[in-house]
Amino acid sequence: MGSIKIAPSILSADFSRLRDEIQAVEKAGADWIHVDVMDGHYVPNITIGPVVVEWVRKVTRLPLDVHLMITDPDQFAPEFIKAGADWVSIHPETCKDPHASLKKIRALGAKASVAVNPDVPLDKIEAYLPDTDMLLMMTVFPGFAGQAFIEDVLSKIERVRKVVERRKLPVLIEADGGIKADNIGRVIRAGAEVIVSGSGIFKTPNYADTIRRMRQVMEGK
Ligand code: DX5
Ligand code: ZN
């Protein structure tokens with residue numbers, strides 16, 4: 001397993017100061033920026049479109065990790081990649097042919113990721129592993145920031161880590177939802193290596209202190 005990456009989700013940032021917020025987490029030690037895209041159809045919330053990603057791209061050098069929670073990722077993934085997305089996660093239940101969607105994302109030059117909802121069993125996603133660069137394991141149901149972490153997903157993360165290692169696949173495991181300094185240790189020990197945290201970072205007073213604390217916990221200090 002490589003080094004652990006921390007990806008603050010800007011959904012919990014102050015959007016009136018989005019550039020400052022992104023640069024503040026970058027300075028505080030963030031590795032990636034997680035962008036939650038919701039269309040009001042796949043989930044009952046509306047957030048960010050390609051226009052915002054285009055502006056975000058101009059204010060940070062960190063990889064942009066775009067999580068599409070929309071009913072038509074095939075239509076919009078190309079626009080997000082053009083706007084600067086480095087990683088694109090799709091929920092396979094929103095695609096007519098998830099294999100084709102993943103291949104298209106890769107062909108357009110981005111890394112392709114499969115998002116796995118808490119109630120989706122692993123046998124439903126194993127077939128996508130050869131076409132994916134990452135699995136985004138949802139530790140809440142998609143739709144909103146600030147929800148409670150679903151403990152049951154930890155054992156699924158452990159199992160998926162074993163599958164990836166057994167099959168020697170170059171697939172990262174990301175965890176997303178309800179992760180804060182007080183539970184990040186368990187998520188890492190289960191096998192996640194990219195950690196999304198929205199309110200766990202942006203709703204704390206000092207981002208550098210919070211990210212430092214997260215790294216200490218990860219190192220078992
Ligand atoms: C949930 C989103 C998450 C969420 C994370 O639908 O995919 O990325 O914004 O926010 P927290 O860390 O506050 O749960
Ligand atoms: Zn997300």
Side-chain angles (χ1 to χ4, degrees), residues 1-13 21-22 24-37 56 60-69 85-89 91 111-118 125 132-165 170-204 206-221:
M1 203 191 296
S3 61
I4 306 291
K5 301 201 172 5
I6 294 183
S9 161
I10 57 170
L11 190 53
S12 294
E21 291 274 70
I22 289 168
V25 287
E26 180 167 359
K27 204 162 154 233
D31 300 292
W32 292 6
I33 298 294
H34 186 80
V35 182
D36 284 308
V37 176
V56 168
T60 181
R61 291 187 176 174
L62 296 182
L64 299 183
D65 174 30
V66 174
H67 178 190
L68 298 181
M69 289 161 276
D86 298 283
W87 291 80
V88 176
S89 294
H91 284 260
K111 299 278 191 188
S113 159
V114 171
V116 185
N117 280 347
I125 53 160
T132 188
D133 299 295
M134 183 165 75
L135 289 174
L136 197 182
M137 305 299 292
M138 293 302 300
T139 43
V140 298
F141 282 91
F144 297 92
Q147 302 182 75
F149 179 78
I150 301 173
E151 296 283 336
D152 288 356
V153 182
L154 284 175
S155 62
K156 194 160 65 170
I157 294 175
E158 280 171 17
R159 278 182 284 128
V160 84
R161 156 66 48 206
K162 284 193 185 122
V163 172
V164 164
E165 281 179 5
V171 175
L172 290 177
I173 299 174
E174 178 174 44
D176 182 12
I179 303 173
K180 302 186 178 350
D182 63 3
N183 59 8
I184 195 169
R186 281 181 290 143
V187 183
I188 300 292
R189 280 193 296 279
E193 55 212 324
V194 183
I195 302 292
V196 178
S197 179
S199 47
I201 292 174
F202 282 110
K203 300 295 182 199
T204 64
N206 184 318
Y207 306 157
D209 282 352
T210 302
I211 292 177
R212 200 175 307 118
R213 178 81 204 112
M214 287 175 161
R215 293 204 195 277
Q216 281 170 348
V217 176
M218 292 189 283
E219 288 157 15
K221 289 181 192 155

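For this chain, numbers begin at 1 and follow the sequence in order. Bear in mind the structure is a predicted one, so any value in this text is a computation, not a measurement.
E26 contributes atom CD, which lies 10.5 Å from atom CD1 of I211 (distance to the nearest 0.5 angstrom). Considering CE of M138 and CD of E174, their distance stands at 9.0 Å, rounded to 0.5 Å. Once rounded to the nearest 0.5 Å, the distance linking CD1 of I195 with CZ of R215 reads 10.5 Å. Distance OG1/T139 to NZ/K156: 10.5 Å, rounded to 0.5 Å. If you take CH2 on W87 and NE2 on H34, they are separated by 13.0 Å, rounding to the nearest 0.5 Å.
Looking only at atom types and distance, the side chain of H67 has no donor-acceptor partner in the side chain of D65 under 3.5 Å away. Side-chain polar atoms of K180 and S199 form a donor-acceptor pair below 3.5 angstrom.
Using a 4.0 Å cut-off between charged side-chain N and carboxylate O, E158 and K162 make no salt bridge.
By the 4.5 Å heavy-atom criterion applied to side chains, M218 and I184 are counted as neighbours. The shortest distance between side-chain heavy atoms of D176 and D36 falls below 4.5 Å. Between I201 and S12 there is no side-chain heavy-atom pair separated by less than 4.5 Å. Here the side chains of F149 and L154 are in contact, with some heavy-atom distance below 4.5 Å.
Summarising the geometry of A181 relative to R213, their closest heavy-atom pair is CB-CG, 3.9 Å, with the distance given to 0.1 Å. Shortest non-hydrogen contact noted between S197 and G200 is OG-CA, 3.4 Å. Heavy-atom minimum distance, A175 versus I157: CB-CD1, 4.2 Å. Contact record, I179 with V196: CB-O, 3.7 Å, taken as the closest heavy-atom pair. Across G177 and V140, no two heavy atoms sit closer than the pair C-CG1, 3.6 Å. Minimum interatomic distance between P118 and V153 (heavy atoms only, all atoms of both residues): CB-CG2, 4.0 Å.
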**OP:** Just do the salt bridge (Lys or Arg N to Asp or Glu O under 4.0 Å) check on E193 and R161 with the steps written out, would you?
**Re:** CA-CA 10 Å; E193 55 212 324; R161 156 66 48 206; 2.8 Å; yes

**OP:** Decide yes or no on side-chain contact (heavy atoms from CB on, under 4.5 Å) for V35 and I10, but give the supporting numbers first.
**Re:** CA-CA 6 Å; V35 182; I10 57 170; 4.2 Å; yes

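Judged as a side chain to side chain donor-acceptor pair (under 3.5 Å), and not counting sequence neighbours, the contacts of S113 are S89. Under the side chain to side chain donor-acceptor pair (under 3.5 Å) criterion, R186 pairs with E151, sequence neighbours left out.
Residue I33 forms a side-chain contact (heavy atoms from CB on, under 4.5 Å) with just one option from V66, D86, I22, and that option is I22.
Using cut-offs of 30° and 60° on the angle between ring planes, the pair Y207 and F202 is perpendicular.
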